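Notes for the one structure printed next.
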Protein chains: 2
Amino acid sequence: MAIGITSEETLDSQLGGCRFNQDANKSKVSYCASCSAHKYALCSKLDGEALAAFGANSTHRKIDAGQTLYSEYDEATSFYTVVSGEVRLSRMLDDGRRQITGFKSQGDFLGLSTKGLYTADAEAIDDVVVCQFSLAGLNKSLENFSAVQVRLMEMMQAEVIDLQDQMLLLGRKTPIEKIANFLLDRAERHIERNGLAEDVNEVEFHLPMSRVDIADFLGLTIETVSRTFTKLKKSGLIELKTSQDVKICDLDELRVQANSDE
Amino acid sequence: MAIGITSEETLDSQLGGCRFNQDANKSKVSYCASCSAHKYALCSKLDGEALAAFGANSTHRKIDAGQTLYSEYDEATSFYTVVSGEVRLSRMLDDGRRQITGFKSQGDFLGLSTKGLYTADAEAIDDVVVCQFSLAGLNKSLENFSAVQVRLMEMMQAEVIDLQDQMLLLGRKTPIEKIANFLLDRAERHIERNGLAEDVNEVEFHLPMSRVDIADFLGLTIETVSRTFTKLKKSGLIELKTSQDVKICDLDELRVQANSDE
DNA sequence: CGGGCCCTTGATTCACGTCAATCTCTGTGG
DNA sequence: CCACAGAGATTGACGTGAATCAAGGGCCCG
């Protein structure tokens, strides 16, 4: 089951029952308002009529695991909000070296461009649903909905700060610190999104991405990632039910290992 | 001579002749319009009356080389535009490891915060002049001047894309690629800011920052930085008049070395 | 049962970091 | 004018930790 889909929702209800729903405007109010990503997304500050009007330009779309949403240097036509599932953003060098710049999930936005071209590859890690806006339409909306503009600003600011954190990690942290940080971020996101108590010291969650993805996110090789997981396992800090299902046994100690500053 | 001050301008004229110039409103039109940072800055889309009104909330301030503008976790009260000189933004770990997240110069903004606290240290590399806004005032201005909001959006977007580039560099590039990239960025900025021909293959410019700063920006040690400079020098790609004054002898070849993708 | 993919583990290498000495430039004081 | 000190940069010798290379294991799916 994909991250971010709460148990009440079927995929069908998220898609509004149709792939292209321009004809669904009259039901938009309840449609967008009931979207599982709404409260984290671009549109989180809108409701009622305004939300319906804003949402009228959007379309939900399903992307299968492994599929490409867009590629770097493609002509940028759309802007996206992730509804469910997880998308990886990455850049590549000619020789195949890759850096993942972020994993985007429920409520996160996607689709930045310069000079009309996307600046990263965007691929679905697992089955993904996105809410798609035409770029032209979004820019028009931004003029009319200042609440969206404000929200976008907030989200961009948060993005910059995240990226700066990640730079510190990439430039100056050891493999153990990197993995600990990574797991900590995932754990905290999981706690937040699932409304668990803030002060728990154990969490269990699923990692949708492969070891290759983790390596390319943290600036390591798969071997080092794997060895570091093993180290953490042997020290009793984590358990691996499968390679993608982690249990953090001591969040506090993980924070120490992560050197995370927060 | 500080980067970004064109030859006609004295520091005095940039400061408007006074440190706190609330009383200078009537002369604001010409004051802001003649600011050397205007065309790159937050206010670049404003002119005439609007520019004067927007600028009324701002104050130019001089910061000496080496001085701190603000520190991480300080209460965020102001937002800044760099008028001249150069500021480094950095984060630190407890044990002193440091990552510089960016060098900010003419027209760039500064002062992002979360939960009311600055997210980085900001220090003057050389003598710096900034244009300072109270955060409250700026937020109010953003409501009234949509052109500023649009411009801020553009600048934030460019910032995100820059940071993603830097992540690819930190995570996946070799020391030579890192230094070549760094020099290339500097060279291109120099060419742009000084209006040189686009197709030159040689440039000469000043690096205001120390080897330590370069190392902390690129995720290297000073020794590796130094050795890499020497390598580039021996291969005839660059010349060093002093350790801070570089001449790029073959920009095209430097682009090859940088693996820069652009 | 067999093939393929992903992950883990082990052995080896080498690039970058570390440690240490020397050099250069600048400013200061005799 | 020179001697000296101190900071920053360079260079060299050496060690190490992560990358590389190579093998083996687990799991899914036909």
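By convention in this document, chain letters (A, B, ...) are assigned in the order of the sequence lines, proteins followed by strands, and residues within each chain are numbered from 1. The structure displayed is predicted, hence computed values, not measured ones.
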Kindly state each residue pair satisfying salt bridge (charged side-chain N to carboxylate O under 4.0 Å, His left out) with at least one member in residues 224-241 of chain A, sequence neighbours excluded. A:Glu204-A:Lys241
With sugar-phosphate taken as primed atoms, P, OP1 and OP2 and all else as base, the protein-contact string of nucleotides 23-30 of chain D at under 4.0 Å (heavy atoms; B, S, -) is --------
So do the side chains of A:Gln166 and B:Met167 get within less than 4.5 Å of each other, counting heavy atoms only? yes
Strictly under 4.0 angstrom, non-hydrogen atoms only: write out the protein contact profile of nucleotides 7-20 of chain C, one letter per nucleotide from the 5' end, B, S or -. SBBBB----SSBB-
If the condition is side chain to side chain donor-acceptor pair (under 3.5 Å), which residues does B:Asp121 pass it with, not counting sequence neighbours? none
Would you mind reading off the distance between A:Ile179 atom CD1 and D:dG17 atom P, rounded to a whole angstrom? 18 Å
Provide, to the nearest angstrom, the distance between the CG atom belonging to B:Leu207 and the C1' atom belonging to D:dG8. 14 Å
Kindly write out the residues that satisfy ring-ring contact (aromatic ring centres under 6.0 Å, His included) with B:Tyr40, not counting sequence neighbours, or none if the list is empty. none
Residues in side chain to side chain donor-acceptor pair (under 3.5 Å) contact with B:Arg91, at least two apart in sequence or another chain: A:Gln164, A:Asp165
Partner set under side chain to side chain contact (heavy atoms under 4.5 Å, CB included) for B:Ile222, not counting sequence neighbours: B:Arg211, B:Val212, B:Ala215
What is the separation between atom CG on A:Leu218 and atom P on D:dA18, rounded to the nearest whole Å? 13 Å
My understanding is that only residues two or more places apart in sequence, or in another chain, count here; which of them pass ring-ring contact (aromatic ring centres under 6.0 Å, His included) with B:Phe205? B:His190
Kindly write out the residues that satisfy side chain to side chain contact (heavy atoms under 4.5 Å, CB included) with B:Met209, not counting sequence neighbours, or none if the list is empty. B:Glu86, B:Phe103, B:Ile125, B:Phe182, B:Arg186, B:Leu207, B:Asp213, B:Ile214
With sequence neighbours left out, write down each residue that passes side chain to side chain contact (heavy atoms under 4.5 Å, CB included) with B:Thr221, or none if nothing qualifies. B:Glu223, B:Thr224
Sequence neighbours excluded, which residues qualify as side chain to side chain contact (heavy atoms under 4.5 Å, CB included) partners of A:Ala122? A:Leu69, A:Tyr70, A:Val87, A:Leu89, A:Leu110
Measure the angle between the two terminal helix axes of the helix from C:dC1-D:dG30 to C:dG30-D:dC1, five base pairs each, and quote it to 10°. 20°
Separation of D:dA19 P from A:Asp216 CG (nearest whole Å): 11 Å
